[in-house]
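This chain uses plain numbering: 1 for the first residue, then up along the sequence.
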Amino acid sequence: MGDLILVRHGETEWSLSGRHTGRSDIPLTENGREQARRLAPLIARHRIAAAFVSPMQRARETARLAGIGGARVDGDLSEWDYGGYEGVTTVEIHHTRPDWFLFTDGVTPGPPEFPGEGPEEVGARAERMLAKIDAALGDAEGSVVVVSHGHFLRVLTARRLGLPVAAGALFQLATGTLSRLSTEHRRHVVAGWNVRPDTYCSHGSLSAGEAGPGEP
């Protein structure tokens, strides 16, 4: 079975300022576009059997600039619906809820069309997405790449490893990075995390990169 390659979209103005960015369709900054372009050589080293991308423009543009062709748009790759916390920073939330923690507490309700998601709902989306990924891995030789968002990819990783949704908090993920989930002795493992081009080893393997700002 091939690997699961995770790409977090490039920088946006809201990711830079720490604002929770779920349904808001915020474009990449020029730095975010450059981050995406620099991922292309890393992705080109892998034989890609299938690709999936979130519907949001920040993800779709990242996929295009990183040279990921033919990616299937899938709503299950959307970022956590932050409900009433959309556009709000964690620091601001802590002014009224000092112990608030997204991965266990979820969000406050938003408007009817975007009510917000609890951890279990995001976990259910991740499970659906993993079923599609496994189907794609079984249909062709090579790896599957997904281009999505920080918090959702962290939940996806936790569930891939058989961990609870709250364990997504352990996997800090910076913008414009590539991570790789593989298998060892038929068990899912982290083979590379938070990788940028300047942290790619000279012998061609993926090593853990330095952590950057997480997805608010």
Engineer: Roughly how far apart are D3 CG and H46 NE2, rounded to 0.5 Å?
Structural biologist: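 The NE2 atom of H46 is 7.0 Å from CG of D3, to the nearest 0.5 Å.
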Engineer: When the ring centroid of H149 is compared with that of W14, is the distance short of 6.0 Å?
Structural biologist: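 Here the rings of W14 and H149 have centres that are no less than 6.0 Å from each other.
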Engineer: Which heavy atom of L39 sits nearest to which heavy atom of A66, and what is that distance?
Structural biologist: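 Where L39 meets A66 most closely, the heavy atoms are CB-CB, 4.2 Å.
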Engineer: Going by the side-chain contact (heavy atoms from CB on, under 4.5 Å) test, name the single residue among Q57, Q35, R58, E34 that passes it with L28.
Structural biologist: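 Answer to the side-chain contact (heavy atoms from CB on, under 4.5 Å) test with L28 among Q57, Q35, R58, E34: R58.
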Engineer: With side chains defined as the heavy atoms from C-beta onward, is the minimum distance between S179 and W193 less than 4.5 Å?
Structural biologist: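 SC-SC contact between S179 and W193 confirmed.
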Engineer: Drop me the distance from Y82's OH to L102's CG, to the nearest 0.5 angstrom.
Structural biologist: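 Those atoms lie 6.0 Å apart.
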Engineer: Does L173 offer a backbone N or O that forms a donor-acceptor pair with the side chain of R8 under 3.5 Å?
Structural biologist: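 A pair under 3.5 Å: yes.
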Engineer: Side-chain heavy atoms nearer than 4.5 Å, only ILVMFWY residues, links allowed to pass through others: does that put F114 and V122 together?
Structural biologist: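 F114 does not cluster with V122.
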Engineer: Side-chain contact, heavy-atom cut-off 4.5 Å: T12 with L16?
Structural biologist: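 When only atoms from C-beta onward are counted, L16 and T12 do not touch, as no gap falls below 4.5 Å.
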Engineer: Within the structure provided, determine whether R160 and D134 are in side-chain contact (heavy-atom separation under 4.5 Å).
Structural biologist: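 They are in contact (side-chain heavy atoms under 4.5 Å apart), so the answer is yes.
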Engineer: Does L4 reach the side chain of T157, with side-chain heavy atoms less than 4.5 Å apart?
Structural biologist: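 Not in contact.
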Engineer: Of all heavy-atom pairs between W100 and G106, which one has the smallest distance, and what is that distance?
Structural biologist: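 Here W100 and G106 meet closest at NE1-O, 2.8 Å.
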Engineer: Looking at L163, is its backbone amide N or carbonyl O close enough to the side chain of R159 to form a donor-acceptor pair, meaning the two atoms are under 3.5 Å apart?
Structural biologist: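 At least one qualifying donor-acceptor pair exists.
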Engineer: Salt bridge or not between E184 and R187? Use side-chain N to carboxylate O under 4.0 Å.
Structural biologist: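 No salt bridge links E184 with R187.
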Engineer: Determine, step by step, whether N194 and F171 satisfy the side chain to side chain contact (heavy atoms under 4.5 Å, CB included) criterion, reporting the C-alpha distance in whole Å, the side-chain angles of both residues, the deciding distance to 0.1 Å, and the verdict.
Structural biologist: CA-CA 9 Å; N194 228 19; F171 302 101; over 6 Å; no
Engineer: Side-chain heavy atoms nearer than 4.5 Å, only ILVMFWY residues, links allowed to pass through others: does that put V147 and L65 together?
Structural biologist: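 Result: no, two separate clusters.
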Engineer: Is there a donor-acceptor pair closer than 3.5 Å between any side-chain N or O of E86 and the backbone N or O of G83?
Structural biologist: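 A pair under 3.5 Å: no.
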Engineer: List the steps, then state whether side chain to side chain contact (heavy atoms under 4.5 Å, CB included) holds for R180 with L6.
Structural biologist: CA-CA 6 Å; R180 183 165 62 96; L6 311 177; over 6 Å; no
Engineer: Kindly indicate, with the supporting measurements, whether the criterion side chain to side chain contact (heavy atoms under 4.5 Å, CB included) is fulfilled by E79 and M56.
Structural biologist: CA-CA 9 Å; E79 180 57 296; M56 308 309 288; over 6 Å; no
Engineer: Salt bridge or not for R125 and D76, using N-O below 4.0 Å?
Structural biologist: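 Not counted as a salt bridge, because no side-chain N and carboxylate O are separated by less than 4.0 Å.
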Engineer: For E141, is the CD atom crowded, meaning more than 12 foreign heavy atoms sit under 6.0 Å from it?
Structural biologist: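 No, the 6.0 Å shell around CD holds no more than 12 heavy atoms from other groups.
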Engineer: Please tell me whether W80 and Y85 form a close aromatic pair, meaning their ring centres lie under 6.0 Å apart.
Structural biologist: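 No.
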Engineer: Look at the side chain of S24 and the backbone N and O of T21, then say whether any donor-acceptor pair between them is shorter than 3.5 Å.
Structural biologist: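 Here the side-chain-to-backbone pair does not exist.
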Engineer: Is there side-chain contact between P115 and E121, with heavy atoms separated by less than 4.5 Å?
Structural biologist: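 Not in contact.
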Engineer: Taking A191's backbone N and O only, do any of them form a donor-acceptor pair with S182's side chain (distance below 3.5 Å, no angle check)?
Structural biologist: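 Not confirmed, S182 side chain does not pair with A191 backbone.
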Engineer: Measuring only between side-chain heavy atoms, which start at C-beta, is D81 closer than 4.5 Å to R23?
Structural biologist: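 Side chain of D81 against side chain of R23, heavy atoms only: contact under 4.5 Å found.
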Engineer: Donor-acceptor pair, distance only, cut-off 3.5 Å: does the side chain of T183 make one with the backbone of R186?
Structural biologist: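 No; judged by distance alone, with no hydrogens or angles, the pair does not exist.
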Engineer: Above 12 or not: heavy atoms from other molecules or residues under 6.0 Å from CD of E13?
Structural biologist: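 Atom CD in E13 is not crowded, with 12 or fewer foreign heavy atoms closer than 6.0 Å.
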Engineer: Provide the closest heavy-atom pair for R196 versus T177 in the form atom of the first, atom of the second, distance.
Structural biologist: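 In this case the closest contact between R196 and T177 is CG-CG2, 3.7 Å.
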Engineer: Rounded to the nearest 0.5 Å, how far apart are CD of E117 and OG of S78?
Structural biologist: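 Reported to 0.5 Å precision, the distance equals 8.5 Å.
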Engineer: Going from CG on N31 to OG1 on T175, what distance comes out if it is rounded to the nearest 0.5 angstrom?
Structural biologist: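 Answer rounded to 0.5 Å: 7.0 Å.
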Engineer: Can you hop from V189 to V146 via hydrophobic side chains spaced under 4.5 Å?
Structural biologist: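 Per the 4.5 Å side-chain linkage, V189 and V146 are not co-clustered.
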Engineer: Can we say E11 and R33 salt-bridge, meaning some charged N sits less than 4.0 Å from an Asp/Glu carboxylate O?
Structural biologist: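 Salt bridge absent between E11 and R33.
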Engineer: Can you name the closest pair of heavy atoms from P197 and L42 and give their distance?
Structural biologist: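 What the structure gives for the nearest pair is N-CD1, 4.0 Å.
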Engineer: Please check: side-chain N/O of T62 versus main-chain N/O of H9, any donor-acceptor pairing under 3.5 Å?
Structural biologist: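 Not a single qualifying donor-acceptor pair exists.
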Engineer: Where is the tightest heavy-atom contact between V190 and L181, given as atom of each residue plus distance?
Structural biologist: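 Where V190 meets L181 most closely, the heavy atoms are CG2-CD2, 3.9 Å.
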Engineer: Could you give the distance from CD1 (I5) to CG (L178), rounded to the nearest 0.5 Å?
Structural biologist: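 Atom-to-atom, I5:CD1 and L178:CG are 6.0 Å apart.
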Engineer: Let me confirm one number: the CG-CG distance from L77 to L153, rounded to the nearest 0.5 Å.
Structural biologist: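 If I round to the nearest 0.5 Å, the distance is 7.5 Å.
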Engineer: Do you know which two heavy atoms are closest between D105 and D99, and how far apart they sit?
Structural biologist: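 Distance-wise, the nearest heavy atoms are OD2-O, 3.7 Å.
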Engineer: Any donor and acceptor pair, going by atom type alone, linking the side chain of D74 with main-chain N or O of V53 inside 3.5 Å?
Structural biologist: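 Checked: no pair found.
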Engineer: Any side-chain heavy-atom pair from V155 and H151 closer than 4.5 angstrom?
Structural biologist: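 Contact flag for V155/H151 side chains = no.
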Engineer: What I want to find out is whether E30 reaches R37 closely enough, with some N-O distance under 4.0 Å, to be called a salt bridge.
Structural biologist: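 A salt bridge is present here (some side-chain N lies under 4.0 Å from a carboxylate O).
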